[in-house]
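What follows is a single structure, written as structure tokens, with notes after it.
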Protein chains: 2
Amino acid sequence: MRPCSGAVHYDDGTSVIPSHKNLRNRLLAALTPDLFDALCDQLEPVPLKPGEVLVRPGEPIRSVWFVESGIVSAIANTPEDRRIEIGLVGNEGFVGVPLLLGVDRTPHENLVQVDGTALRLTSAAFDEAVDRHAALRRLLLRYVHAFQIQTSQTALCNSSYNLEERLARWLTMCHDRIDGDEFPLTHEFLSIMLGVRRPGVTTTIHVLEGAGMIKARRSHIRIVDREKLQAAAGDSYGVAEAEYARIIEAALKDSSAADAHTGLWAEPDAAAGRPHIVRSPGDIGRSS
Amino acid sequence: MRPCSGAVHYDDGTSVIPSHKNLRNRLLAALTPDLFDALCDQLEPVPLKPGEVLVRPGEPIRSVWFVESGIVSAIANTPEDRRIEIGLVGNEGFVGVPLLLGVDRTPHENLVQVDGTALRLTSAAFDEAVDRHAALRRLLLRYVHAFQIQTSQTALCNSSYNLEERLARWLTMCHDRIDGDEFPLTHEFLSIMLGVRRPGVTTTIHVLEGAGMIKARRSHIRIVDREKLQAAAGDSYGVAEAEYARIIEAALKDSSAADAHTGLWAEPDAAAGRPHIVRSPGDIGRSS
DNA sequence: CAGTCTTTGTACGGTATAGTACCCTTAATT
DNA sequence: AATTAAGGGTACTATACCGTACAAAGACTG
């Protein structure tokens with residue numbers, strides 16, 4: 001197995017050369033080692049800094065990012081600059097979906113929310129890879145569907161769930177995408193994402209905190225009782241996560257290990273060299 | 001040019017055998033005659049009846065529908081049966097996007113809203129066609145992007161525009177997808193689509209009617225002043241429509257007529273045998 | 001340590017929409 | 001023509017959230 005072109009530096013000071021064995025991105029991990037090898041040389045490990053804009057509205061998308069850690073927001077906006085978050089991307093997905101669909105730019109935006117790392121592929125290399133490898137293309141297109149469902153569920157939540165439920169959903173979704181139980185987050189930022197007033201976020205956070213679900217520090221939120229938090233989200237959480245599990249993860253279990261025909265690898269996590277919590281969205285009731 | 005396997009019956013009593021010359025679906029019309037011919041035999045003209053459910057949540061999608069006339073809603077829902085519309089499909093699109101993405105079912109629903117006709121393709125025939133014809137696949141994937149933008153904009157609207165703007169947007173979008181200026185529509189139905197109370201729709205319709213934008217009859221709404229209506233929608237209307245124009249329509253104009261490489265046909269409307277209004281979404285300020 | 005900026009806490013009136021109830025009109029059915 | 005159902009109009013209170021303002025607390029900066 002060939003090493004990739006650079007090292008990924010983790011928060012704890014360790015760094016690794018990405019290989020199929022220590023991948024944290026679940027899409028890449030689902031590829032067969034052969035297929036991953038074919039991509040490996042072109043994948044460049046890059047840090048994701050909070051506030052960094054990966055995709056700017058109306059400007060050509062130059063790369064795709066397979067998120068290894070951290071969280072990236074997808075944001076819709078209007079000419080008069082109203083904005084709202086329409087989806088989250090963590091290590092279960094990738095940023096740059098329009099390129100896969102043959103579109104070079106989009107009116108939307110991708111913004112790093114929680115810092116981390118990604119494996120970056122130039123648009124040219126990506127185009128070539130999906131053109132050449134049907135298994136890769138098929139897998140990523142399934143992810144497009146999953147993301148479409150996430151967007152739609154966000155739309156539904158924004159209009160028929162109250163702020164408490166939506167905030168609980170959002171925090172639960174973040175929790176799915178990070179290691180550990182705490183992440184940096186200001187009320188101001190949250191208010192933009194959820195499309196509500198900032199003081200509204202403050203008081204709602206107090207409600208969740210009062211119920212013992214979370215613990216808020218300045219610029220940080222820690223998930224204390226994941227189960228309760230998810231219950232507070234109600235049915236606003238779950239549909240999109242179940243769909244991801246069905247079409248990305250369950251599909252892997254169906255195929256035999258390293259099935260040459262599908263090009264997908266059956267048990268990515270079993271081979272993971274770096275220990276990390278396998279945080280499956282929809283893994284309901286997981287204890288922290 | 002081979003005729004298709006059946007006839008399409010229009011409301012006015014006429015009926016035609018679909019061919020590339022009288023297509024009303026803008027995606028199919030964008031294909032080269034050669035490519036359309038290859039599909040033609042498998043396209044079955046079917047009526048779309050109001051209330052008909054084309055895609056049921058969680059059940060296998062058996063066909064795709066290229067809409068020729070009428071309007072189909074895409075609806076998101078939760079287990080506890082909250083629902084909201086996340087997009088409209090008319091003759092600019094097709095129903096059954098998940099199949100293109102390699103997914104056989106979806107938690108969402110597709111419901112006929114305004115009656116019309118479609119050209120239906122079985123999922124097997126569709127799979128084979130997109131597998132064989134890269135030009136078709138590329139075109140339809142671009143539509144997936146356009147639809148994703150529409151969904152996202154809907155999400156944005158639902159949370160940051162008031163009912164009057166959203167209703168104006170919705171009616172404008174319907175107007176883009178029908179012939180003429182009137183379509184059947186109950187307040188009850190609208191209230192479900194927009195995720196609001198039925199009486200709220202009634203009073204808001206009165207506002208738009210009072211401003212001379214629309215005329216409401218029992219179960220029907222007629223667009224009287226499209227320009228004003230669109231202005232009332234403000235920036236809630238336009239982003240998705242501009243994106244469709246950019247990636248589907250503008251892309252056609254860039255390529256030369258019947259460009260064998262792209263497989264797309266440059267000027268579909270120039271060859272249209274049946275006269276109909278070319279109603280381009282985003283054709284701002286068109287007079288009725 | 002003082003100054004300054006960011007983030008968070010709190011308050012208060014204002015408004016859009018929810019929830020509900022009830023009645024009237026129009027259309028379809030017999 | 002009488003009956004029934006569907007669609008639409010109106011009214012009332014309730015509430016979730018907005019807009020705004022301002023102060024307190026925490027975190028950097030010289």
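- Look at CG on A:Leu163: it is 17 Å from P on D:dT15, rounded to the nearest Å.
- Judged by distance alone, the side chain of B:Gln148 and the main-chain N or O of B:His145 form no donor-acceptor pair under 3.5 Å.
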Can I get a per-line list of side-chain donor-acceptor pairs under 3.5 Å for residues 209-220 of chain B, giving both atom names and the distance, sequence neighbours left out?
| from | atom 1 | to | atom 2 | distance (Å) |
| --- | --- | --- | --- | --- |
| B:Glu209 | OE2 | B:Ala216 | N | 3.0 |
| B:Arg217 | NH1 | B:Glu182 | OE2 | 2.5 |

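- Taking atom OH of residue B:Tyr161 and atom P of nucleotide C:dT17, one finds them 14 Å apart after rounding to whole Å.
- For the atom pair OG of A:Ser236 and CZ of A:Arg166, the computed distance is 9.5 Å after rounding to the nearest 0.5 Å.
- Between the P atom of C:dT8 and the CZ atom of A:Phe189 lies a distance of 13 Å, rounded to the nearest Å.
- Summarising the geometry, atom CD belonging to A:Gln153 is positioned 7.5 Å from atom OG1 belonging to B:Thr78; distances are rounded to the nearest 0.5 Å.
- Rounded to a whole Å, the CG atom of A:Leu208 is 15 Å from the P atom of C:dT8.
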Within the 4.0 Å limit for protein heavy atoms, which parts of nucleotides 1-12 of chain D are touched? Write it as a string from 5' to 3', B for base, S for sugar-phosphate only, - for none. -----BSBBB--
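- Relative to the ring axis of B:Tyr161, B:Arg169 does not place its NZ or CZ within 45° and under 6.0 Å from the centre.
- Regarding A:Asn158, its CG atom lies at a distance of 15 Å from the P atom of C:dT17, rounded to whole Å.
- In this model, no donor atom of one side chain and acceptor atom of the other lie less than 3.5 Å apart for A:Gln230 and A:Thr172.
- Between the CD1 atom of B:Ile84 and the C1' atom of C:dT17 there is a distance of 13 Å, given to the nearest Å.
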